[in-house]
Amino acid sequence: MSEWGDDNNYLTFDWETSGTKKEYALQPWRIPQGRAWGTSLVWLRHDGEKNRFWGGVQDDEDNPHDYERTRELAKTMLTMARDKKLTIVGWNVQFDIQVLLGYDLEELVFDNKYLDGMLLWKHYFVEPEYDANPKNRQSYSLKQFVREFMPHHAGYETEIDFHDRSPEARAALHAYNKKDNIFTYIGARHYWNVLEPQQRRAALAEAKTIPMFARANFQGLIVDTLSSHDLSNKLTRDARRELKSLQHHGVTEEIVRSPAKLAKLLYDQWGLPVLKETRSKITGVTARSTDKETLHELGLEDERAKGVRNYREALNLKTKFADAMVKSTRYNGDFRVHPQAIIFGTYSGRLTYASSQKGTGPGVRAGTTKNILLPIGFALHQMKNDKLFRGQVVAPVGFTVMEFDAAGQEFRWMAIKSGDETMLQLCMPGEDAHSYMGAKIAGRDYHWIMENKEEDKEAKNARKSGKVGNLSLQYRTSARKLRVVARSQYDIPMTEGEAKVIHFTYQKTYTGVPKYWRAQIALTRKIGYVETLGGRRVQVVGDWGGPLSWSMESTSINYPIQGTGADQKYLAMACIAPYLRDIGAYFAWDLHDGIYLFVPNDKVQRAAVDIKYILDNLPYKRAWGFSPPIPLTWDCKTGPSWGGLRDYHPDKGAK
DNA sequence: CTCCCTTGCGCC
DNA sequence: AAAGGGCGCAAGGGAG
């Protein structure tokens with residue numbers, strides 16, 4: 001696919017929405033509940049000469065919203081697009097597709113193909129965000145596009161009231177919607193035309209997944225709130241137990257929740273040694289750290305510090321991952337949570353999930369309002385990897401959760417990108433990279449470790465060290481940091497000397513990796529951007545001798561690995577989409593290297609084989625022009641809930 | 001009281 | 001000199 005081509009092949013569309021509360025306008029899952037609805041639908045075809053609009057206002061004071069009438073209008077659009085084989089174009093079209101789903105048009109939605117101007121813009125220009133302040137982030141909104149490219153139209157959205165039902169206001173809204181269509185058309189065409197061919201391919205693969213994400217966002221996830229209550233109570237008991245043994249030492253909830261107060265207690269009152277300080281990048285102010293790693297180190301010598309760590313953890317987990325689930329299901333009113341997948345939410349192309357929407361609520365003083373966060377979902381990407389926590393998310397009745405995860409994803413892409421012969425060999429069938437690294441570290445025989453890793457303690461520990469090394473050292477981690485991670489996250493005792501040995505052994509074993517680091521940095525400095533195997537790009541420009549140089553170098557190294565992982569995931573989703581539709585399965589959520597599906601119970605056995613076959617044989621050559629030198633395989637797990645996933649074995653599955 | 005910034009921390 | 005990367009969310013603390 002090259003230039004934009006015949007304008008007649010595209011159709012833009014846009015919904016305006018409202019609700020019984022303003023905030024419901026952005027929550028399409030409330031449409032079936034009657035709490036949200038479309039107020040204006042417009043679609044546009046441009047024939048190269050002039051704009052041809054269709055659509056209409058869907059409610060005002062005189063003509064209240066009629067679900068069936070609105071549905072018929074949307075159906076007309078989707079049917080025409082399907083029959084004429086048009087590409088449907090939107091701006092953040094994932095949202096507008098959710099509205100279509102709200103009108104019960106799923107079959108027609110999936111009969112069509114989509115393109116998204118916002119997505120194309122991101123593919124054209126994305127930069128890493130070294131500035132943590134979200135206010136300074138690049139906006140990719142349609143309004144921002146208009147401000148930048150058509151400044152004479154900037155501010156066309158002011159004066160528009162989405163919730164005023166007077167016929168005059170609705171007429172203005174509808175006219176505004178027409179403008180949105182025109183700008184969407186101009187923006188999408190512009191960004192499509194300026195993309196390089198390989199960027200277009202990456203964008204198209206991603207665009208194919210848009211309806212899958214829209215459906216997942218719309219449907220939400222079912223929460224077993226009884227489990228949530230049990231978990232919440234358990235965490236309350238855990239916290240109380242910890243506090244009981246700590247309160248004689250002056251610990252309170254208020255102190256533990258405050259880093260400043262906790263530092264005073266730990267270091268001034270208890271007189272513990274200060275192992276680490278934090279320094280603000282902005283003000284340069286230092287503070288004595290009370291983070292988890294510090295508490296872990298202190299806890300090796302002092303039981304109280306260990307207790308503080310456990311106490312704080314229980315408090316945090318309860319709020320964020322147990323109570324938040326119940327709160328969200330209550331807010332949504334459908335016993336579901338709707339964490340919203342944001343396609344291309346990161347500069348590396350990986351997804352993010354939003355758990356809340358911005359809204360306003362009553363202020364403390366009468367007649368005032370304040371900004372609040374509406375709990376539409378939960379922090380899916382951060383959910384604790386523990387059965388009790390993940391078990392809260394269950395499959396719908398009649399369905400099974402299936403997980404497919406790309407085996408050793410980052411290790412394999414690093415092997416490919418670095419071309420390191422040892423790494424590549426370790427990705428071949430029958431090899432075990434962690435045993436190999438463990439053998440190198442311990443000075444033992446590789447096959448002895450592999451064969452005895454289950455029974456022999458020495459072999460087991462060696463492999464464990466090898467695993468930490470393989471997982472931690474791919475991206476320039478120091479020996480010191482390795483030790484902290486091993487001790488505080490993997491619970492592996494490690495001296496400074498041992499950490500240095502592992503650090504040294506890693507670079508000695510995979511000599512191609514440090515070479516890749518250097519080459520990648522040099523290349524990026526030269527051309528000013530980094531590229532993935534799927535053709536995705538990120539701009540890296542700035543002062544290579546300045547304070548951001550370490551970050552810029554890291555982007556150069558890291559992006560081809562993480563970004564290619566993202567490409568792989570989108571390609572995987574696009575390739576399994578037709579099969580999922582065939583068997584009545586659907587995409588549920590994503591976790592970077594894992595794809596989670598809801599599959600009808602009686603189709604699980606077949607799907608385990610068929611989907612794995614598709615995924616193990618993805619068309620990298622056709623899609624990216626790249627032939628992997630090693631197998632890129634996927635593992636399959638199944639279960640009744642996220643927390644209940646087990647490795648799938650065809651023999652057991654058949655019983 | 002509200003808003004903004006920082007710290008800490010969950011995941012891959 | 002030393003430095004894994006990518007995120008979003010909860011909570012405290014201080015400015016206004």
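In what follows, chains are A, B, ... by sequence order, proteins preceding strands, each numbered from 1.
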For DNA chain B, the dot-bracket pattern of Watson-Crick and G-U pairs whose distances stay under 3.5 Å, | for other-strand partners: ||||||||||||
Side-chain donor/acceptor contact of A:Q562 with base of C:dG6 under 3.5 Å: no
Sugar-phosphate only, base, or nothing, as touched by A:E254 at under 4.0 Å among non-hydrogen atoms: nothing
N/O (side chain, A:Y347) to phosphate O (OP1/OP2, C:dG6) under 4.0 Å: yes
Donor + acceptor pair across side chains of A:Q94, A:Q98 (<3.5 Å): yes
First of A:R350 and A:L295 reached from the 5' end of DNA chain B, by closest nucleotide: A:L295
Sugar-phosphate only, base, or nothing, as touched by A:A287 at under 4.0 Å among non-hydrogen atoms: nothing
Contact under 4.0 Å: A:S478 side-chain N or O vs C:dG4 OP1/OP2: yes
Sugar-phosphate, base or nothing in reach of A:T319, heavy atoms under 4.0 Å: sugar-phosphate
Touch class at under 4.0 angstrom, heavy-atom based, for A:R390 against every strand present: sugar-phosphate
Short side-chain N/O contact to B:dG8 OP1/OP2 from A:T290, under 4.0 Å: yes
Short side-chain N/O contact to C:dG4 OP1/OP2 from A:S554, under 4.0 Å: no
Between B:dG8 (P) and A:L315 (CG): distance, integer Å: 16 Å
Phosphate OP1/OP2 of C:dG5 contacted by A:W550 side-chain N/O (<4.0 Å): yes
Within the 6.0 Å centroid threshold, strictly below: A:F218 and A:H338: no
Any A:N385 side-chain N or O less than 4.0 Å from OP1/OP2 of B:dC12: yes
